[in-house]
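Lettering of chains follows the sequences in order, A, B, ..., and the numbering in each one begins at 1. Note that these values count all heavy atoms, side chains included, but never hydrogens, waters or copies made by symmetry.
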Amino acid sequence: MTVITRFAPSPTGFLHIGGARTALFNWLFARHHGGRFLLRIEDTDRQRSTTEAIDAILDGLRWLGLEWDGEPVFQSARAARHAEVAHQLLAEGKAYYCYCTQEELQAMRDEARAAGRPVRYDGRWRDRDPSEAPTDVPPVVRVKAPQVGETVIEDLVQGEVRIANEQLDDMVLLRADGTPTYMLSVVVDDHDMGITHVIRGDDHLTNAFRQLQLYNAMDWTAPIFAHIPLIHGPDGAKLSKRHGALGVEAYRDMGYLPEALRNYLLRLGWAHGDEEIIDTEQAIAWFDLDGVGRSPSRFDFAKLGNLNGHYLRAADDARLVDLVLPRLERRLDGMPDAAARTRLFLGMPGLKARAKTLEELADNAVFYARSRPLPMSEKALDLLTPEARARLDRLAALLAEVEDWTEAAVEEKIRQLVDAEGVKLGQVAQPLRAALTGSTTSPGLFEVMAVLGRDETLARLGDARRVGEARTVN
RNA sequence: GUCCCCAUCGUCUAGCGGUCUAGGACAUCGCCCUUUCACGGCGAAAACACGGGUUCGAGUCCCGUUGGGGACGCCA
């Protein structure tokens with residue numbers, strides 16, 4: 001049997017982080033078993049569904065690298081088929097028309113709650129004679145659900161879960177306007193699409209019982225269910241926009257790499273022994289539902305940041321230059337020129353070791369892309385004392401002698417100066433760093449100098465002397 | 001209110017009756033490395049919610065309590 005999974009978001013917003021994990025698990029499960037991963041847009045609530053949301057979800061999945069097989073299925077396009085199934089059930093006496101008004105239903109619920117009974121539809125039209133039907137109320141179609149016994153689900157994550165049928169009521173299949181409800185649509189679509197495994201959030205667990213009853217009514221084989229626990233916010237409450245329930249594009253904008261987010265999301269609720277760093281290929285090889293836990297987890301930016309740092313360090317330098325360029329453009333007047341791009345590429349090894357996100361990477365990289373004279377931070381300015389500037393002048397004279405400008409060559413000159421003046425390396429290095437980067441922290445200086453090249457290095461040293469003088473005067 | 005699910009360090013988790021004086025990772029705190037900041041290395045502190053059972057033996061099985069979460073729509 002070929003495994004067929006699906007991700008079925010409703011396009012009422014962006015692809016949030018919980019949905020992204022559900023998609024990831026479905027994708028991994030399908031890939032692991034050599035099956036297919038389908039996408040279905042549940043847009044039957046046309047008031048709330050928007051094309052922007054659909055695009056956001058598709059873009060989010062693509063960015064995360066979760067490519068689906070075939071064309072996405074739009075649920076709204078299948079309304080006729082859903083209605084057809086409802087009518088078949090009606091014809092077979094497995095469903096019936098219900099003429100309750102909204103007010104009547106509300107009163108029913110209020111009463112049940114007040115009396116401490118389960119809040120359910122009481123089935124008052126289930127066996128009523130059609131001749132009693134009012135003519136001024138458009139009816140809905142309800143399924144005749146079993147009233148005694150129990151419904152049991154063998155869930156691949158939750159295990160065996162059972163519920164007494166009296167807890168379930170006769171759910172609506174077709175609304176008064178003839179459109180299908182979600183419960184009907186999912187079942188018909190999952191069946192028609194040949195879905196073998198339904199992997200989704202455990203907020204759907206109770207829905208699964210009702211859906212199973214529908215499968216039974218239609219005499220269809222139900223898919224295997226796997227309800228994965230939800231992701232909570234740092235405070236343990238349901239994930240809200242305030243703490244992490246952002247769209248995946250927000251994570252992209254914050255500077256996280258898709259492979260890092262995949263790894264992080266994978267480890268949220270799933271484990272393979274003590275493994276932490278799991279690339280996608282390895283994830284496909286290892287992923288299965290028996291590794292999924294049953295308790296909800298909390299979203300932790302610190303751990304995501306750590307993982308992102310790891311993947312940043314492992315990333316290709318040219319790719320990182322491409323990713324960081326638009327972020328630099330926002331920090332500068334315009335797009336960095338060719339010379340700056342070359343520096344970024346050459347300086348990337350030192351840069352990427354010091355960043356947890358692309359945003360940080362961009363912050364740390366601006367000094368390579370800026371045109372002279374560099375703006376100086378307060379702390380950097382503090383380092384450019386008259387004494388330090390004098391020393392930088394002597395250093396500049398030494399450096400000017402260097403013919404073959406390499407890391408080793410500039411290091412030799414600096415050490416030579418340090419020895420000659422009997423100072424610590426730091427006493428030269430920190431003012432030098434301030435002069436070359438405008439900051440007090442940066443990648444290793446010899447590397448920075450090699451990347452900047454001889455002319456730029458000497459020019460920046462000259463700039464720093466002037467800036468320092470101007471400041472001393474004030 | 002009714003039903004369902006969950007419960008190991010602050011967080012993510014390993015653990016599938018004895019090898020657990022409970023392991024790893026992130027975060028935290030020391031030390032080392034060091035031209036700054038990171039990275040890296042070494043080390044420390046930190047958990048089986050509680051109460052009953054079952055068993056020779058329970059973090060692991062059962063029941064209850066407490067605490068979280070979810071579902072109860074002509075939303076999806």
Side-chain angles (χ1 to χ4, degrees), chain A residues 8-12 42-45 47-49 75 98 100 102 105-106 109 112-121 138-142 155 157-159 161-164 166-169 171-177 179-183 185-186 201-207 209-210 227 229-230 232 234 236-238 264 267-277 290 293-307 309-310 313 350-356 360 364 383 411 414 418 424-430 432-434 437 439-446:
Chain A
S10 62
T12 53
E42 308 217 318
D43 57 349
T44 48
D45 185 350
Q47 271 88 41
R48 294 199 297 159
S49 300
Q75 196 161 60
C98 166
C100 282
Q102 297 287 358
L105 290 171
Q106 192 52 52
R109 284 192 274 266
R113 197 176 290 267
R117 290 194 317 264
V119 182
R120 305 287 111 93
Y121 169 69
V140 300
V141 173
R142 284 182 187 272
D155 192 285
V157 170
Q158 305 291 336
V161 188
R162 47 181 69 221
I163 191 171
E166 59 197 13
Q167 293 296 329
L168 273 14
D169 60 6
M171 63 179 160
V172 173
L173 264 23
L174 250 30
R175 302 188 184 97
D177 65 1
T179 58
T181 60
Y182 161 78
M183 285 293 180
S185 302
V186 226
D202 70 9
D203 51 337
H204 284 284
L205 185 57
T206 49
N207 289 337
F209 293 102
R210 317 178 91 99
H227 289 92
L230 267 17
H232 290 168
K238 196 176 180 179
Y264 178 70
R267 284 288 291 107
L268 221 46
W270 179 86
H272 187 268
D274 285 339
E275 301 294 338
E276 295 288 350
I277 305 289
D290 55 13
R294 287 197 276 177
S295 52
S297 48
R298 303 183 188 204
F299 196 90
D300 180 18
F301 273 102
K303 188 150 182 173
L304 207 211
N306 175 272
L307 268 176
H310 170 86
R313 272 170 258 133
L351 252 16
K352 68 184 182 184
R354 293 168 168 75
K356 282 192 162 50
E360 255 182 67
N364 298 340
L383 289 172
E411 173 167 4
I414 290 171
V418 165
K424 295 206 172 220
L425 181 53
Q427 288 174 268
V428 176
Q430 278 308 84
L432 178 57
R433 170 167 283 114
T437 71
S439 152
T440 57
T441 65
S442 80
L445 273 180
F446 308 135

A.B. asks: For A:L268, which contact category applies under a 4.0 Å heavy-atom criterion: base, sugar-phosphate, or nothing?
C.D. replies: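 Counting heavy atoms under 4.0 Å across all strands, the contact made by A:L268 is with sugar-phosphate only.
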
A.B. asks: Taking the ring centre of each residue, are A:Y264 and A:F299 less than 6.0 Å apart?
C.D. replies: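 A:Y264 vs A:F299: aromatic centres under 6.0 Å.
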
A.B. asks: Decide yes or no for A:L307 and A:I277: does some side-chain heavy atom of the first lie under 4.5 Å from some side-chain heavy atom of the second?
C.D. replies: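 With C-beta onward as the side chain, the pair touches.
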
A.B. asks: Report which part of the nucleic acid A:H227 touches: base, sugar-phosphate, or nothing (heavy-atom distance under 4.0 Å, all strands).
C.D. replies: nothing

A.B. asks: Assess the residue pair A:K303 and A:E276 against the criterion (salt bridge (Lys or Arg N to Asp or Glu O under 4.0 Å)); give the C-alpha distance rounded to whole Å, side-chain angles, the decisive distance to 0.1 Å, and a yes or no.
C.D. replies: CA-CA 11 Å; A:K303 188 150 182 173; A:E276 295 288 350; 3.4 Å; yes

A.B. asks: Starting from C1' on B:A27, measure out to CG on A:L304 and report it in whole angstrom.
C.D. replies: 14 Å

A.B. asks: Below 4.0 angstrom from OP1 or OP2 of B:A27, is there any side-chain N or O of A:N306?
C.D. replies: yes

A.B. asks: Determine the contact category for A:E276: base if any of its heavy atoms lies under 4.0 Å from a base atom, sugar-phosphate if only primed atoms, P, OP1 or OP2 are that close, otherwise nothing.
C.D. replies: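 Base contact.
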
A.B. asks: Quick one: label A:N207 by what it contacts on the DNA or RNA (base, sugar-phosphate, nothing), any heavy atom closer than 4.0 Å.
C.D. replies: base

A.B. asks: Determine the contact category for A:S295: base if any of its heavy atoms lies under 4.0 Å from a base atom, sugar-phosphate if only primed atoms, P, OP1 or OP2 are that close, otherwise nothing.
C.D. replies: sugar-phosphate

A.B. asks: Starting from P on B:C74, measure out to OH on A:Y182 and report it in whole angstrom.
C.D. replies: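 Checked: the OH to P distance equals 15 Å.
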
A.B. asks: Whole Å only: how far is the CZ atom of A:F446 from the C1' atom of B:U34?
C.D. replies: 11 Å

A.B. asks: With both distances under 3.5 angstrom, what nucleotide forms a Watson-Crick or G-U wobble pair with B:A38?
C.D. replies: none

A.B. asks: Kindly say if A:R210 contacts the phosphate of B:C72, meaning a side-chain N or O under 4.0 Å from OP1 or OP2.
C.D. replies: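 Checking A:R210 against B:C72: no side-chain N or O falls below 4.0 Å of OP1 or OP2.
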
A.B. asks: Taking OP1 and OP2 of B:C4, is either one under 4.0 Å from a side-chain nitrogen or oxygen of A:R162?
C.D. replies: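 No, outside the criterion.
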
A.B. asks: Provide the Watson-Crick or G-U wobble partner of B:C3, both distances under 3.5 Å; none if there is no partner.
C.D. replies: B:G70

A.B. asks: Where the side chain of A:A302 is defined as all heavy atoms beyond and including C-beta, which of B:A27, B:G24, B:G40 is the nearest nucleotide?
C.D. replies: B:A27

A.B. asks: Drop me the distance from A:L445's CG to A:I414's CD1, to the nearest 0.5 angstrom.
C.D. replies: 6.5 Å

A.B. asks: Just the rounded figure in Å: distance from P of B:C9 to NZ of A:K303.
C.D. replies: 14 Å

A.B. asks: In whole angstroms, how far is the P atom of B:G67 from the NE2 atom of A:H232?
C.D. replies: 17 Å

A.B. asks: Rounded to the nearest 0.5 Å, how far does OH of A:Y182 lie from CG of A:L173?
C.D. replies: 14.0 Å

A.B. asks: The test is side-chain contact (heavy atoms from CB on, under 4.5 Å); show your working for A:R294 and A:D202 and say whether it passes.
C.D. replies: CA-CA 9 Å; A:R294 287 197 276 177; A:D202 70 9; over 6 Å; no

A.B. asks: Keeping the roles fixed (side chain from A:E275, backbone from A:H272), state whether a donor-acceptor pair exists under 3.5 Å.
C.D. replies: no

A.B. asks: Closest approach to the side chain of A:L205, judged atom by atom: which nucleotide of B:G70, B:C5, B:A27 is it?
C.D. replies: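 Closest nucleotide to the A:L205 side chain: B:C5.
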
A.B. asks: For A:T441, which contact category applies under a 4.0 Å heavy-atom criterion: base, sugar-phosphate, or nothing?
C.D. replies: base

A.B. asks: Who does B:A44 pair with, Watson-Crick or G-U, both distances under 3.5 Å?
C.D. replies: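 B:A44 is paired with B:U28.
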
A.B. asks: B:A22 pairs with which nucleotide, Watson-Crick or G-U wobble, both distances below 3.5 Å?
C.D. replies: none

A.B. asks: Does A:R433 contact B:U35 through a side-chain donor or acceptor facing the base, at a distance under 3.5 Å?
C.D. replies: yes

A.B. asks: Indicate, with a heavy-atom threshold strictly under 4.0 Å, whether A:R294 touches base, sugar-phosphate, or nothing.
C.D. replies: sugar-phosphate

A.B. asks: So A:Q102, base contact, sugar-phosphate only, or nothing? Heavy-atom distance under 4.0 Å.
C.D. replies: base

A.B. asks: Between P on B:U8 and CG on A:D274, what's the gap in Å once rounded to a whole number?
C.D. replies: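 Atom CG in A:D274 sits about 17 Å away from atom P in B:U8.
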
A.B. asks: Within this structure, what is the CD-to-C1' distance between A:E275 and B:G15, rounded to whole angstrom?
C.D. replies: 16 Å

A.B. asks: What I want to check is whether an N or O donor and acceptor connect the side chain of A:K356 with the base of B:A38 at under 3.5 Å.
C.D. replies: no

A.B. asks: From B:A38, B:U2, B:C26, pick the nucleotide closest to the side chain of A:R354?
C.D. replies: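 Given the options B:A38, B:U2, B:C26, the side chain of A:R354 is closest to B:A38.
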
A.B. asks: By nearest nucleotide on RNA chain B, pick out whichever of A:P296 and A:T206 is the more 5' one.
C.D. replies: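 Closer to the 5' end of RNA chain B: A:P296.
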
A.B. asks: Could you tell me how far B:C4 sits from B:U19 if I compare only their C1' atoms? Round to whole Å.
C.D. replies: 37 Å

A.B. asks: Can you tell me the distance, in whole Å, between the CG atom of A:D203 and the P atom of B:C72?
C.D. replies: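 After rounding, the gap between these two atoms is 9 Å.
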
A.B. asks: With a non-hydrogen cut-off below 4.0 angstrom, is A:G309 in contact with a base, only sugar-phosphate, or nothing?
C.D. replies: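 No contact at all - A:G309 keeps every heavy atom at 4.0 Å or more from the nucleic acid.
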
A.B. asks: Would you indicate what A:F209 reaches in the nucleic acid, counting non-hydrogen atoms under 4.0 angstrom: base, sugar-phosphate, or nothing?
C.D. replies: nothing

A.B. asks: Say you draw a straight line from CG of A:D203 to CG of A:L230; how long is it, rounded to the nearest 0.5 Å?
C.D. replies: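 Reported to 0.5 Å precision, the distance equals 5.0 Å.
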
A.B. asks: Output yes when at least one side-chain N/O atom of A:S297 is less than 4.0 Å from OP1 or OP2 of B:U13, else no.
C.D. replies: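 Yes, A:S297 has a side-chain N/O under 4.0 Å of OP1/OP2 on B:U13.
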
A.B. asks: Using only modelled atom types and a 3.5 angstrom limit, is any donor from either the side chain of A:D202 or the base of B:G70 paired with an acceptor on the other?
C.D. replies: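 Not at all, since no donor on one side and acceptor on the other fall under 3.5 Å apart.
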
A.B. asks: Taking the side chain of A:L425 as heavy atoms from C-beta outward, which of B:U13, B:U35, B:G73 is closest to it?
C.D. replies: B:U35

A.B. asks: Step by step, work out the side-chain contact (heavy atoms from CB on, under 4.5 Å) result for A:H227 and A:V157.
C.D. replies: CA-CA 6 Å; A:H227 289 92; A:V157 170; 5.7 Å; no

A.B. asks: Mapping A:Y264 and A:C100 onto RNA chain B by nearest heavy atom, which one lands closer to the 5' end?
C.D. replies: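 With A:Y264 and A:C100 compared, the 5'-side residue is A:Y264.
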
A.B. asks: Choosing from B:U36, B:A76, B:C74, which nucleotide comes nearest the side chain of A:E42?
C.D. replies: B:A76

A.B. asks: If we call it a pair only when both distances are under 3.5 Å in a Watson-Crick or G-U wobble match, what pairs with B:U54?
C.D. replies: none

A.B. asks: Over all strands shown, is A:A176 touching base, sugar-phosphate only, or nothing at heavy-atom distances under 4.0 angstrom?
C.D. replies: base

A.B. asks: Give A:P9 one of three labels, base, sugar-phosphate or nothing, depending on what nucleic acid heavy atoms sit under 4.0 Å from its own.
C.D. replies: nothing

A.B. asks: Under 4.0 angstrom, heavy atoms only, what part of the nucleic acid is A:V119 near: base, sugar-phosphate, or nothing?
C.D. replies: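 Here A:V119 touches the bases of the nucleic acid.
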
A.B. asks: Please determine if a side-chain N or O atom of A:T181 lies less than 4.0 Å away from the OP1 or OP2 oxygen of B:C74.
C.D. replies: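 So the side-chain polar atoms of A:T181 never come under 4.0 Å of the phosphate oxygens OP1 or OP2 of B:C74.
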
A.B. asks: Which is true for A:R142 with a 4.0 Å heavy-atom rule: it touches a base, it touches only sugar-phosphate, or it touches nothing?
C.D. replies: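 Counting heavy atoms under 4.0 Å across all strands, the contact made by A:R142 is with sugar-phosphate only.
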
